[in-house]
Novice: 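My questions will all concern the structure given below.
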Amino acid sequence: MISESGVVREARPMLLVVAAAMIKGGRVLVQQRPEGTALAGLWEFPGGKIEPGETPEAALARELDEELGVTVDPAALVPLTFASAPLADRHLVLLLYRLDRWEGVPEARHASALAWADMAALRRLPMPPADLPFLEVLAPLLRGE
Ligand code: DCM
């Protein structure tokens with residue numbers, strides 16, 4: 001949208017979300033979004049919204065604790081890439097981090113299910129649009145395990 005002043009405006013405010021590729025033995029952890037939430041039934045990399053005043057890494061460590069019950073050192077989160085996609089009323093920007101070490105065994109506290117997916121399984125899962133571009137970035141990382 002272009003205003004009278006000629007400045008280009010994005011009609012949807014930005015929503016900044018962080019997500020983790022937790023990698024173990026050539027597989028990555030994905031979770032299924034529960035009924036009653038946006039994008040229900042789709043498989044996503046776990047994560048969530050950054051709260052005001054949080055760094056992205058602190059937000060992701062907090063989300064992984066809340067969603068999976070695992071303890072994460074924010075310094076162990078390695079930035080990988082980002083993707084963006086329009087939602088109904090926001091424009092989502094999703095930052096992906098790689099994570100190779102954490103404490104605890106992930107449990108589905110918010111999701112309806114968890115899965116450790118290799119590359120072939122990952123390609124078969126229905127995912128939210130913003131997560132899809134991450135597959136090509138993860139392919140060499142999962143093969144290299
Ligand atoms: N989201 C996504 N992919 C992820 C994590 C989140 O597309 N890996 C989207 C789904 C929601 C928004 O981000 O539209 C906020 O996530 P949540 O509802 O989990 O807070």
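Order of listing sets the numbers, starting from 1, for every ligand and every atom in it. Quick caveat: nothing in here was measured; it's all calculated off a predicted structure.
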Novice: For the residue pair L29 and L68, establish whether any side-chain heavy-atom pair is separated by less than 4.5 Å.
Specialist: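 Yes, close enough: below the 4.5 Å cut-off.
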Novice: Identify, for atom 3 (N) of ligand 1, the protein heavy atom at the shortest distance, and state residue, atom and that distance.
Specialist: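 Its nearest protein heavy-atom neighbour is D131 OD1, 2.6 Å.
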Novice: Please list all pairs passing the salt bridge (Lys or Arg N to Asp or Glu O under 4.0 Å) test where one or both residues lie in residues 84-93, with sequence neighbours left out.
Specialist: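 Counting only pairs at least two positions apart or across chains, no salt bridge (Lys or Arg N to Asp or Glu O under 4.0 Å) contact touches residues 84-93.
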Novice: Run the contact test for L92 against ligand 1 with a 4.0 Å cut-off on heavy atoms, strictly below, and give the result.
Specialist: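 Yes, L92 has heavy atoms under 4.0 Å from ligand 1.
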Novice: Do F134 and M127 come within less than 4.5 Å of each other through their side chains, counting heavy atoms only?
Specialist: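 SC-SC contact between F134 and M127 ruled out.
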Novice: Output the list of atoms in ligand 1 that are nearer than 4.0 Å to some heavy atom of K49, sorted by atom number.
Specialist: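 Going through ligand 1 atom by atom, the ones under 4.0 Å from K49 are 15 (C), 20 (O).
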Novice: I'd like a table of donor-acceptor pairs (distance under 3.5 Å, sequence neighbours excluded) in which one partner is a side-chain atom from residues 30-42, with atom names and distances.
Specialist:
from : atom 1 : to   : atom 2 : distance (Å)
Q31  : NE2    : E44  : OE2    : 3.0
Q31  : NE2    : E67  : OE1    : 3.0
Q32  : OE1    : S112 : OG     : 3.4
Q32  : NE2    : G41  : O      : 3.0
R33  : NE     : A38  : O      : 2.7
R33  : NH1    : E44  : OE1    : 2.7
R33  : NH2    : A38  : O      : 3.2
T37  : OG1    : P34  : O      : 2.8

Novice: Looking only at protein heavy atoms, identify the closest one to atom 14 (O) of ligand 1 and say how far it is in Å.
Specialist: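 Looking only at protein heavy atoms, the one closest to atom 14 (O) of ligand 1 is L87 CD1, 3.5 Å.
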Novice: What is the closest protein heavy atom to atom 12 (C) of ligand 1, and at what distance does it sit?
Specialist: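 In this structure, atom 12 (C) of ligand 1 has L15 CD2, 4.0 Å as its nearest protein heavy atom.
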Novice: Give me the residue, atom name and distance of the protein heavy atom closest to atom 16 (O) of ligand 1.
Specialist: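 In this structure, atom 16 (O) of ligand 1 has R33 NH1, 4.0 Å as its nearest protein heavy atom.
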Novice: Given side chains that start at C-beta, do those of M22 and L64 come closer than 4.5 Å, heavy atoms only?
Specialist: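 A side-chain contact under 4.5 Å exists here.
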Novice: Determine whether any heavy atom of M127 lies closer than 4.0 Å to an atom of ligand 1.
Specialist: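 Judged by the 4.0 Å heavy-atom criterion, M127 does not count as contacting ligand 1.
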Novice: Which of the atoms of ligand 1 are close to F45, meaning less than 4.0 Å from one of its heavy atoms?
Specialist: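 Those of ligand 1 that fall under 4.0 Å from F45 are 4 (C), 8 (N).
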Novice: Could you check whether any side-chain heavy atom of L122 comes within less than 4.5 Å of a side-chain heavy atom of V28, counting everything from C-beta outward?
Specialist: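 Contact flag for L122/V28 side chains = yes.
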Novice: Is any side-chain heavy atom of L16 closer than 4.5 Å to a side-chain heavy atom of L95?
Specialist: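 Yes. Closest side-chain heavy atoms under 4.5 Å.
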Novice: Can you report which non-hydrogen protein atom sits closest to atom 6 (C) of ligand 1, along with the distance?
Specialist: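 Looking only at protein heavy atoms, the one closest to atom 6 (C) of ligand 1 is E44 OE1, 3.6 Å.
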